[in-house]
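Remarks on the structure that follows.
A, B, ... follow the sequence lines: proteins, then strands. Residue 1 opens every chain. Since this is a predicted model, take the numbers as computed values, not measurements.
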Number of protein chains: 2
Amino acid sequence: MEENKVVTIYDIAEKLNLATSTISRALKDHHTISEKTIKKVKKVAEEMGYVPNTLAAGLRGNKTQTIGVLVPTVTQPFLSSLISGIEITAQKSGYNVIIMQSNDSYEAEVSMAKSLYGSRVSGVICSLAMKTTDTSHFQQFVSKDIPLVFVDRVPKDFDTFKVIIDNYAAGFKATEHLIEQGCTRIGHLTAGSKFGNLYTERMRGYLDALKKHNITPKEELIVDLKAVTYEEGVKASNKLLDLKTPPDGIFASGDIMAVSAIQSAKKRGLSVPGDIAIIGFNNDPISEIIDPNLSTITHPAAKMGQISAEIILKNIKSAKKNAEKGITYLDTEVLVRESSQKN
Amino acid sequence: MEENKVVTIYDIAEKLNLATSTISRALKDHHTISEKTIKKVKKVAEEMGYVPNTLAAGLRGNKTQTIGVLVPTVTQPFLSSLISGIEITAQKSGYNVIIMQSNDSYEAEVSMAKSLYGSRVSGVICSLAMKTTDTSHFQQFVSKDIPLVFVDRVPKDFDTFKVIIDNYAAGFKATEHLIEQGCTRIGHLTAGSKFGNLYTERMRGYLDALKKHNITPKEELIVDLKAVTYEEGVKASNKLLDLKTPPDGIFASGDIMAVSAIQSAKKRGLSVPGDIAIIGFNNDPISEIIDPNLSTITHPAAKMGQISAEIILKNIKSAKKNAEKGITYLDTEVLVRESSQKN
DNA sequence: GATAAAAAAACAATCGATTGTATTTTTATG
DNA sequence: CATAAAAATACAATCGATTGTTTTTTTATC
């Protein structure tokens, strides 16, 4: 085997004195090729170190064994678990995964969508950038029958597959749990809620839970973070704790925020959950490590990735032009640990 | 613009009554094409919604704008930061990133390397699977002049680019720091060290630091985890704490292990760092959140990703057949926080 | 206005696998 | 053994962009 030459089906064809079409078919066990030839071809292909050029196949067939994944970032635990779920599922079916990080920038997202389209990905899984309101850059996939799944951060008005949790219900459950623990003055940490995203839904749940239990929502108890980071979380938490009458409970729309709330409270000598009960969202790894252990809402990240990938794979294969674009809701649960348990 | 037709340079050529070669060159500002034509072509391309087919370009040029990344998992904070660094750097130069997770399986790694090769990636960045000892499946890249960078978990005997930290020195520094704090009986948590990897190096540093300070290493003080998880960390920590004479300090080769050590110690009513000083490795996000804050060794994940990607990009472009394959060492520091500070 | 030189654009092959159609070979049957 | 049917294989076009080589067009010069 030459060191620097890439082996193609032409090389195999020449060696065996066969046509390239025969080689191509033999390698995929086509029924018109005799057993004898198939065996021979496979043996020689192996010996010569043949690796199919997926570009050529993709160009010819106008499709690739690749799924494009477009997410705000890969470093958030929720998203890295999501990606892991996608990647494992894709791999099982022989599909590869191209990853792009929008960094929550709308412009980057537009450009990356175009790039994925140019790469002829067979499907796209996307969690929207925080700043995205217009989603017309995804229309190209739909009009070319490339399956598109939005996951977690999804647009409201785009008719395609969606995999989400019921953020409203989850926000409701989380808040109600705090009420059941005896909290009457419940703060809420949220982020970028003005963009009408999943945080807004969680907040709606929070507000409705309060109303159901005859608690009047107070604007001062809701803090909207600029970014979901530990530092911003600390700032926001302090805003709540600095109030003349601080809250006796906090529902944070993410575990990072919840953790910063716990730390900020502890730093002031407040007992959690004694003085203030706290519940987060996501069930990030840190939630079972922080002291006190953080009560939170489970958010099945890997499962969401798996299901998203499965939807893509199914809709590539079936090639149904107008498959019914459904929303898949996954269950969440209130995971009661120490930080919210007053009784 | 038709809804379901993909626009190619042929469509543009037909519309403008020009040759496809002219279109192709105009789109990249080739000097043999007149300004007038270039402007006209670009305008029409834009109007028709032309997106270049990267498969076709890749097939023709036998190279793609894609970097393959092969890592054990994407969910560990160190690796997701590494990937993030790679992705951002690649994106800036117009390169995409294909991700594969070996899940620490040797067989998966072999198959994925082949798959990346078939995808004609322009370069490969890999962090080896825990179980990999034979690395001959990477030879195909080298012999085809596809730049290959190993990062963090690198093979000893493979002549290619490597981006690592000095694990020996870091292990030494961490251990010496504990000694300086007055620890005399220092435990060590490590993982899969028999495979001769970076954990082994850290352990060598640990052992040499002890020797330098005339402390005799004891086998009972070294615990080798089966897997780097919180649960295994707890088991291993308890093994140390259950000793007749438990250690007064622990150097854990990873922050997860260190965190489990802190929790296990606290659960027994031991004070950290009072009764037992603990230092980890990586500077994972959790290290500044755990109580007490974890002292650790900084591990510049994103930077390592960036540098790895830069090496790939540089060596694609220069196309030097025999560029000197160097090892890039990045600095680490002892980050002293609460968990190890006795004075 | 003829001609050479320069500029612009066209022609045509190429990358490697796939696939519809044609051709050759084999097998079966009277 | 001839012939039809079936099986196996070959032929050739195709996917879309790129690029070395020609050809055509434009510009400059005498």
Side-chain angles (χ1 to χ4, degrees), chain A residues 4-42 44-45 48-66 94 115 117-122 144 146, chain B residues 4-42 44-45 48-66 94 115 117-122 144 146:
Chain A
N4 226 314
K5 176 74 175 70
V6 177
V7 180
T8 71
I9 53 170
Y10 289 89
D11 302 320
I12 303 175
E14 192 176 19
K15 187 154 205 165
L16 289 175
N17 226 359
L18 286 170
T20 59
S21 54
T22 305
I23 307 299
S24 173
R25 288 183 170 119
L27 288 170
K28 354 189 90 58
D29 294 307
H30 197 274
H31 70 277
T32 61
I33 308 295
S34 68
E35 266 311 316
K36 211 180 84 190
T37 306
I38 290 180
K39 208 165 279 175
K40 195 167 56 176
V41 168
K42 284 189 175 172
V44 171
M48 298 178 78
Y50 170 73
V51 179
N53 184 328
T54 55
L55 296 175
L59 175 59
R60 171 61 220 246
N62 198 36
K63 58 179 134 48
T64 56
Q65 299 276 96
T66 305
S115 170
Y117 180 70
S119 300
R120 295 295 183 273
V121 289
S122 295
K144 263 69 176 188
I146 296 169
Chain B
N4 227 315
K5 178 74 174 69
V6 177
V7 179
T8 71
I9 54 170
Y10 288 88
D11 302 318
I12 303 175
E14 192 176 19
K15 187 155 204 163
L16 289 174
N17 225 0
L18 286 170
T20 59
S21 54
T22 306
I23 308 298
S24 173
R25 288 183 169 118
L27 288 171
K28 359 188 86 59
D29 294 306
H30 198 273
H31 70 278
T32 61
I33 309 294
S34 69
E35 266 310 316
K36 212 181 82 190
T37 306
I38 289 180
K39 206 165 282 175
K40 196 168 54 177
V41 168
K42 284 188 175 173
V44 172
M48 297 179 79
Y50 170 73
V51 178
N53 184 329
T54 55
L55 296 176
L59 175 60
R60 171 61 220 246
N62 200 35
K63 58 179 136 45
T64 56
Q65 299 276 96
T66 304
S115 171
Y117 179 70
S119 300
R120 295 295 182 275
V121 290
S122 295
K144 264 68 178 189
I146 297 169

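- Summarising the geometry, the separation between CD on E14(A) and P on dC11(D) is reported as 14 Å, rounded to the nearest angstrom.
- For S34(B), a side-chain nitrogen or oxygen approaches OP1 or OP2 of dA9(C) to under 4.0 Å.
- Counting to the nearest Å, the P atom of dG16(C) and the CE atom of M48(A) are 13 Å from each other.
- Remark: side-chain polar atoms of T20(B) are not paired, donor with acceptor, to backbone N or O of I9(B) under 3.5 angstrom.
- Annotation for K15(A): atom NZ does not count as buried by contact number, only 12 or fewer foreign heavy atoms lying within 6.0 Å.
- Distance, I33(A) CD1 to dA7(D) P: 13 Å, rounded to whole Å.
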Determine whether S24(B) and S21(B) satisfy the following criterion, side chain to side chain donor-acceptor pair (under 3.5 Å), listing intermediate values before the conclusion. CA-CA 5 Å; S24(B) 173; S21(B) 54; over 6 Å; no
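- With distances taken from any side-chain atom of R60(A) to the nucleotides dC15(D), dG16(D), dT9(D), the minimum falls on dC15(D).
- The distance between atom CZ of R120(B) and atom P of dG16(C), rounded to the nearest whole Å, is 7 Å.
- Within the 4.0 angstrom heavy-atom criterion, only backbone atoms of the sugar-phosphate kind lie near N17(A); the bases stay farther away.
- Taking a 6.0 Å sphere around NZ of K63(B), one finds it holds 12 or fewer heavy atoms contributed by other residues, nucleotides or ligands.
- Proximity of Y10(A) to the phosphate of dT14(C): no side-chain N or O atom is located under 4.0 Å from OP1 or OP2.
- Rounded to whole Å, the distance from CD on E35(A) to P on dA8(D) is 9 Å.
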How does protein contact run along nucleotides 20-28 of chain D, one letter per nucleotide 5' to 3', with B for base contact, S for sugar-phosphate only, - for none, heavy atoms under 4.0 Å? B--------
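- Of the two residues near DNA chain C, L59(B) and I38(B), the one whose nearest nucleotide lies more 5' is I38(B).
- Taking only side-chain nitrogens and oxygens, K63(B) never comes nearer than 4.0 Å to OP1 or OP2 of dC15(C).
- When heavy atoms are screened at a 4.0 angstrom cut-off, T32(A) is found touching base atoms of the nucleic acid.
- For dT19(C), neither phosphate oxygen OP1 nor OP2 lies less than 4.0 angstrom from any side-chain nitrogen or oxygen of S24(A).
- Atoms NE2 and CD1, on H31(B) and I38(B) in that order, are 10.5 Å from each other to the nearest 0.5 Å.
- Residue L18(B) places its side chain closer to dA10(C) than to any other of dA10(C), dA10(D), dT18(C).
- Of the listed nucleotides (dA17(D), dA9(C), dT18(D)), dA9(C) has the atom at the smallest distance from the side chain of T37(B).
- Remark: K40(B) NZ is packed, more than 12 non-hydrogen atoms of other residues, nucleotides or ligands lying under 6.0 Å away.
- Between the NE2 atom of H30(A) and the C1' atom of dA7(D) there is a distance of 13 Å, rounded to whole Å.
- Side-chain atoms of T8(B) come within 3.5 Å of backbone atoms of Y10(B) as a donor-acceptor pair (strictly under, hydrogens ignored).
- Here the P atom of nucleotide dA8(D) and the NZ atom of K36(A) are 11 Å apart, to the nearest Å.
- Side-chain N/O atoms of T22(B) include none lying less than 4.0 angstrom from OP1 or OP2 on dA8(C).
- Considering CD1 of I33(A) and NZ of K39(A), their distance stands at 15.0 Å, rounded to 0.5 Å.
- If you take CG of N53(B) and P of dA17(C), they are 17 Å apart, rounded to a whole angstrom.
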